[in-house]
Amino acid sequence: AVVSTQSTGMLSSGYATCDMEEGGFRETDLTRVDVLFNGQMVEGLSMIVRSDVVRDVSRETVTEIAKMMPRELYKIVIQCVVGNKVQARAEVKPLRKDVTKALYGGDKTRAMKLLARQREGKKKLKDSAVVKVPKTVFRKF
């Protein structure tokens, strides 16, 4: 078990000591993992990870970010990629406005027309929208 100097001091009320030796340097295989929001890379969340744990770290990162992101009127797709290969993916579900709330009974075509209009608007919004990543996400990663 690795014990940091701070935790040793806290556990022993300052009476314990900790001797450390440098273990040397070893060559390892590292990979750059980029985080994409709706296909656009966010430089501040890119990380360098050991190649053997890329998939696990990517899955953890994506799920944590998805939990921290606020919901928008459009779907947000979060991906961790290595080169062009997607390692992990998560989605933040969109908010849903009830546009048919004012309608009651009567002809269904009016409701269908309103829902189609909403679909078009959401598609247009998603195409032009820029995902705002909260500062808490940058602090965490």
Side-chain angles (χ1 to χ4, degrees), residues 1-14 16-141:
V2 177
V3 178
S4 72
T5 313
Q6 280 184 330
S7 65
T8 305
M10 288 182 344
L11 291 172
S12 66
S13 301
T17 60
C18 185
D19 292 333
M20 290 187 237
E21 291 180 19
E22 188 176 312
F25 296 101
R26 290 182 294 188
E27 196 171 306
T28 186
D29 191 20
L30 300 175
T31 305
R32 178 182 165 160
V33 178
D34 296 319
V35 179
L36 305 179
F37 287 89
N38 285 348
Q40 295 183 343
M41 186 172 68
V42 176
E43 283 283 332
L45 295 175
S46 295
M47 56 192 142
I48 297 176
V49 182
R50 279 193 352 247
S51 294
D52 57 335
V53 294
V54 165
R55 190 151 283 174
D56 298 328
V57 171
S58 297
R59 201 172 296 127
E60 278 179 38
T61 303
V62 156
T63 53
E64 284 295 315
I65 291 174
K67 287 179 191 173
M68 298 169 78
M69 289 294 291
R71 291 175 67 185
E72 298 285 342
L73 290 174
Y74 50 90
K75 179 173 66 173
I76 300 173
V77 178
I78 305 164
Q79 297 173 320
C80 277
V81 295
V82 173
N84 289 334
K85 189 172 182 186
V86 176
Q87 299 296 321
R89 181 180 200 267
E91 291 181 1
V92 178
K93 300 262 188 254
L95 287 174
R96 185 173 186 279
K97 282 187 176 178
D98 191 6
V99 292
T100 60
K101 182 171 65 172
L103 302 177
Y104 52 92
D107 191 15
K108 292 276 184 192
T109 56
R110 179 73 184 140
M112 300 307 273
K113 183 178 177 184
L114 284 172
L115 290 171
R117 216 157 147 205
Q118 183 186 36
R119 249 191 317 274
E120 288 172 20
K122 281 192 175 191
K123 186 177 179 185
K124 203 181 287 185
L125 181 66
K126 185 183 178 204
D127 291 341
S128 65
V130 176
V131 178
K132 293 178 184 156
V133 183
K135 291 181 182 178
T136 54
V137 172
F138 287 104
R139 285 189 204 122
K140 172 103 176 162
F141 296 99

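As the structure is a prediction and not an experimental result, all values here were calculated from the model.
Residues satisfying the salt bridge (charged side-chain N to carboxylate O under 4.0 Å, His left out) test with R55, not counting sequence neighbours, are none. In this structure E43 satisfies the salt bridge (charged side-chain N to carboxylate O under 4.0 Å, His left out) test together with R32, sequence neighbours excluded. Remark: I76 engages F37, N38, M69, E72, Y74, I78, V92, V131 in a side-chain contact (heavy atoms from CB on, under 4.5 Å) (not counting sequence neighbours). Partners of T28 under the side-chain contact (heavy atoms from CB on, under 4.5 Å) rule, at least two apart in sequence or in another chain, are L30, R50. The side-chain hydrogen bond (donor to acceptor under 3.5 Å, both in side chains) check on T136 picks up nothing, with sequence neighbours excluded. Every residue two or more places apart in sequence or in another chain that forms a salt bridge (charged side-chain N to carboxylate O under 4.0 Å, His left out) with R89 is listed here: E91. For N84, there are no side-chain hydrogen bond (donor to acceptor under 3.5 Å, both in side chains) partners at least two apart in sequence or on another chain. In this view, D29 satisfies the salt bridge (charged side-chain N to carboxylate O under 4.0 Å, His left out) rule with no residue, not counting sequence neighbours.
The closest side-chain heavy-atom distance from V137 to V42 is not below 4.5 Å. Proximity of P94 to L73: side-chain heavy atoms (C-beta onward) are nowhere separated by under 4.5 Å.
In this structure, OG1 in T31 is found 8.5 Å from CD in Q87, a value given to the nearest 0.5 Å. Note: I65 CD1 to L45 CG = 5.0 Å, rounded to the nearest 0.5 Å.
The list of salt bridge (charged side-chain N to carboxylate O under 4.0 Å, His left out) pairs with a residue in residues 130-141, not counting sequence neighbours, reads E64-K140. Residue pairs meeting the salt bridge (charged side-chain N to carboxylate O under 4.0 Å, His left out) criterion with at least one partner in residues 108-121, sequence neighbours excluded, are absent.
In this structure, P70 and P134 approach most closely via the heavy-atom pair CD-CG, 3.7 Å. Minimum heavy-atom separation, V33 to S58: CG1-OG, 3.8 Å.
For M41, the CE atom counts as densely surrounded, since its 6.0 Å shell holds more than 12 non-hydrogen atoms of other residues, nucleotides or ligands.
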